[in-house]
Undergrad: 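The following block contains the structure, expressed as structure tokens.
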Amino acid sequence: MENNNAIKKYLVERHPHDCYMLASKLPVFFIQKEEVVQIFNQQLENCGVEYFDYFLLHNMNIHHYNSVVKSCKMFEHMQEWKKAEKIKHIAISFHDSADVLDLILSEHPEIEAVQIALNYYDWNSAFIQAKACFEVIRKYQKQVIIMGPVKGGMLANPPKNSNLTADASLALRFCGELDGVLAILSGMSNLTQVKQNIESMKDFQPLSNEEKAYIEKLTVAYKQGGPLGNIDFNQYKDVKPHGISLASLLETYNSCMI
């Protein structure tokens with residue numbers, strides 16, 4: 001609510017809508033059927049706009065997809081809102097495996113963009129599956145919205161017990177050169193970071209081969225800073241005693257401890 005009012009005061013009331021793009025999300029994880037239209041209309045009113053450029057179903061996974069998303073007919077509402085020109089583009093914010101994403105995109109061709117967690121540390125992750133999810137999105141020729149490009153700021157700081165240096169620019173440029181990227185949500189928390197991130201993307205230069213090799217070294221060094229080190233977690237991906245991949249559990253634990 002407060003964020004929406006701030007958008008209205010500092011963006012919408014100062015600038016015409018054709019000079020910015022505004023996105024919002026529908027919180028699928030705690031919404032009731034009768035609240036879908038009510039919440040959407042309230043978001044428009046709070047922001048002071050007649051339409052959103054991108055509107056996302058937030059925190060999409062197989063559980064939400066098979067329960068509240070279907071029972072509340074959220075995609076049907078999204079299509080109606082688009083037809084009424086209350087949203088320009090239909091999108092989802094996704095948190096699950098690549099095979100689930102493939103299923104959703106195959107059943108809902110109206111989706112135009114997908115927001116996923118993606119950074120060079122999680123590129124080949126057994127849990128985040130950044131590369132696999134990215135490839136599914138591009139297979140369906142959808143736009144990619146990237147969140148977590150600097151992994152909560154971790155990739156802006158050097159790995160522990162290493163003589164390697166690191167900065168956010170490498171992480172942002174890794175994401176920026178990928179095909180089909182609409183936006184990179186870099187989670188800036190102060191004006192200095194805003195300026196640094198703008199500088200990283202202005203007159204954009206793709207990563208050189210040397211920089212790509214350096215990123216691989218950084219990834220190894222970061223993982224070595226965790227209690228489980230830089231082991232190949234994927235060797236445990238088929239171990240699922242309770243339906244959850246051991247590779248995902250170990251990798252997530254190691255990453256969280258870092």
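Excluded from the calculations below are hydrogen atoms, water molecules and symmetry mates; all remaining heavy atoms, backbone and side chain alike, are included. Quick note: residue numbers are just sequence positions, from 1.
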Undergrad: Indicate the atoms forming the closest heavy-atom contact of Glu110 with Ile90, along with that distance.
TA: O-CB, 3.7 Å
Undergrad: Would you please test Glu135 and Arg138 for salt bridge (charged side-chain N to carboxylate O under 4.0 Å, His left out) and show each step?
TA: CA-CA 5 Å; Glu135 290 175 345; Arg138 295 309 296 153; over 6 Å; no
Undergrad: Between Asp122 and Lys131, is there a side-chain N and carboxylate O pair less than 4.0 Å apart?
TA: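 No, Asp122 and Lys131 are not salt-bridged.
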Undergrad: Closest heavy-atom contact between Asn254 and Leu228?
TA: OD1-N, 2.7 Å
Undergrad: Let's go through Val144 and Val114 carefully: what are the C-alpha distance in whole Å and the side-chain angles of both, what is the deciding distance for side chain to side chain contact (heavy atoms under 4.5 Å, CB included) to 0.1 Å, and is it a yes or a no?
TA: CA-CA 5 Å; Val144 183; Val114 181; over 6 Å; no
Undergrad: How would you list, by chain and number, every residue that makes a ring-ring contact (aromatic ring centres under 6.0 Å, His included) with His95, sequence neighbours excluded?
TA: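 For His95 there are no ring-ring contact (aromatic ring centres under 6.0 Å, His included) partners, ignoring immediate neighbours.
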Undergrad: Donor-acceptor pair, distance only, cut-off 3.5 Å: does the side chain of Ser248 make one with the backbone of Ile244?
TA: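 Side chain of Ser248 to backbone of Ile244: no pair is present.
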Undergrad: A side-chain contact here means heavy atoms from C-beta on lying under 4.5 Å apart; do Gln224 and Pro159 qualify?
TA: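 SC-SC contact between Gln224 and Pro159 ruled out.
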Undergrad: Ignoring hydrogens, what is the shortest heavy-atom contact between Leu185 and Pro149? Give both atom names and the distance.
TA: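 Closest pair (atom of Leu185, atom of Pro149, distance): O-CD, 3.1 Å.
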Undergrad: Looking just at side-chain N and O atoms, do Lys9 and Asn5 make a donor-acceptor pair shorter than 3.5 Å?
TA: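 No, because no side-chain N or O of Lys9 sits under 3.5 Å from a partner of the opposite role on Asn5.
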Undergrad: What's the spacing between Ile128 CD1 and Ser255 OG if we round to 0.5 Å?
TA: 7.5 Å
Undergrad: Please find out if less than 6.0 Å separates the ring center of Phe52 from that of His89.
TA: no
Undergrad: What about Phe174 and Trp123, are their ring centers closer than 6.0 Å?
TA: yes
Undergrad: Run the side chain to side chain contact (heavy atoms under 4.5 Å, CB included) check on Asn66 and Lys70 step by step: do they pass?
TA: CA-CA 6 Å; Asn66 284 332; Lys70 290 185 177 180; 3.2 Å; yes
Undergrad: Quick check on the 6.0 Å ring-centre criterion: do Phe127 and Phe233 meet it?
TA: no
Undergrad: Salt-bridge test for Arg173 and Glu211: reply yes if a basic N is under 4.0 Å from a carboxylate O, no otherwise.
TA: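 Salt bridge present between Arg173 and Glu211.
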Undergrad: So, using ring-ring contact (aromatic ring centres under 6.0 Å, His included) as the criterion, who are the partners of Phe29 when residues are at least two apart?
TA: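 His58.
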Undergrad: Gln43 side chain to Lys25 main-chain N or O, any donor-acceptor pair under 3.5 Å?
TA: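 Looks like yes, one N/O pair under 3.5 Å.
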Undergrad: Could you check if a side-chain atom of Val100 sits within less than 4.5 angstrom of a side-chain atom of Phe94, using non-hydrogen atoms only?
TA: yes
Undergrad: Kindly compute the distance separating CD1 (Ile87) from CH2 (Trp81), expressed to the nearest 0.5 Å.
TA: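 Nearest 0.5 Å value for the CD1-CH2 distance: 7.0 Å.
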Undergrad: First locate atom CD of Glu35, then atom CD1 of Ile31, and finally report the distance between them rounded to the nearest 0.5 Å.
TA: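 Between atom CD of Glu35 and atom CD1 of Ile31 there are 6.0 Å.
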Undergrad: Checking side-chain polar atoms at under 3.5 Å, does His108 have a donor or acceptor matched by the opposite partner on Tyr65?
TA: yes
Undergrad: Between CG of Leu101 and CD1 of Ile92, what distance do you get to the nearest 0.5 Å?
TA: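 Those atoms lie 5.5 Å apart.
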Undergrad: How many angstroms lie between CE in Met74 and CD in Gln79, if you round to the nearest 0.5 Å?
TA: 14.5 Å
Undergrad: So, are Glu112 and Lys82 salt-bridged, with charged N and O less than 4.0 Å apart?
TA: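 So Glu112 pairs with Lys82 through a salt bridge.
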Undergrad: Say whether, by atom type as modelled, one donor and one acceptor occur between the side chain of Glu216 and the main chain of Ala213 under 3.5 angstrom.
TA: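 Side chain of Glu216 to backbone of Ala213, a donor-acceptor pair under 3.5 Å: no, none is there.
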Undergrad: Can you see whether Gln143 engages Tyr54 through a side-chain donor-acceptor pair at a distance of less than 3.5 angstrom?
TA: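 There is such a pair between these side chains.
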Undergrad: Have Gln193 and Asn197 got a donor and an acceptor in their side chains that come within less than 3.5 Å?
TA: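 Asn197 and Gln193 do not have a side-chain donor-acceptor pair below 3.5 Å.
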Undergrad: Are any of the side-chain nitrogens in Lys83 or Glu80 under 4.0 Å away from the carboxylate oxygens of its partner?
TA: no
Undergrad: Can you check whether Leu207's main-chain N or O pairs, donor with acceptor, with Glu177's side chain at less than 3.5 Å?
TA: yes
Undergrad: Taking the side chain as C-beta and beyond, is there a heavy-atom pair between Met60 and Ile104 under 4.5 Å?
TA: yes
Undergrad: Taking all heavy atoms of Ile116 and all of Ala130, pick out the closest pair and write down the distance.
TA: CD1-O, 4.1 Å
Undergrad: Within the side chain of Lys223, is there an N or O that forms a donor-acceptor pair under 3.5 Å with the backbone of Ile258?
TA: no
Undergrad: For the atom pair OG (Ser24) and CG (Leu22), what is the distance rounded to the nearest 0.5 Å?
TA: 7.0 Å
Undergrad: I need the minimum non-hydrogen distance between Thr165 and Pro158, along with the two atoms involved.
TA: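 The pair with the smallest heavy-atom distance is CA-CB, 4.4 Å.
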Undergrad: Test your reading of the model: is there a side-chain donor-acceptor pair from Asp96 to the backbone of Ile62, 3.5 Å cut-off?
TA: yes
Undergrad: Without hydrogens or angle criteria, can the side chains of Gln129 and Ser97 be said to hold a donor-acceptor pair below 3.5 Å?
TA: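 Not at all, the side chains of Gln129 and Ser97 share no donor-acceptor pair under 3.5 Å.
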Undergrad: Does any non-hydrogen side-chain atom of Asp102 lie less than 4.5 Å from one of Tyr140?
TA: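 With C-beta onward as the side chain, the pair touches.
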Undergrad: Tell me the closest heavy-atom pair linking Leu118 and Ile146, and the distance in Å.
TA: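 Shortest heavy-atom separation between Leu118 and Ile146 comes out as O-CG2, 3.5 Å.
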Undergrad: Would you kindly say whether Glu251 and Ser125 are connected by a side-chain donor-acceptor distance under 3.5 Å?
TA: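 Yes, side-chain donor-acceptor contact under 3.5 Å.
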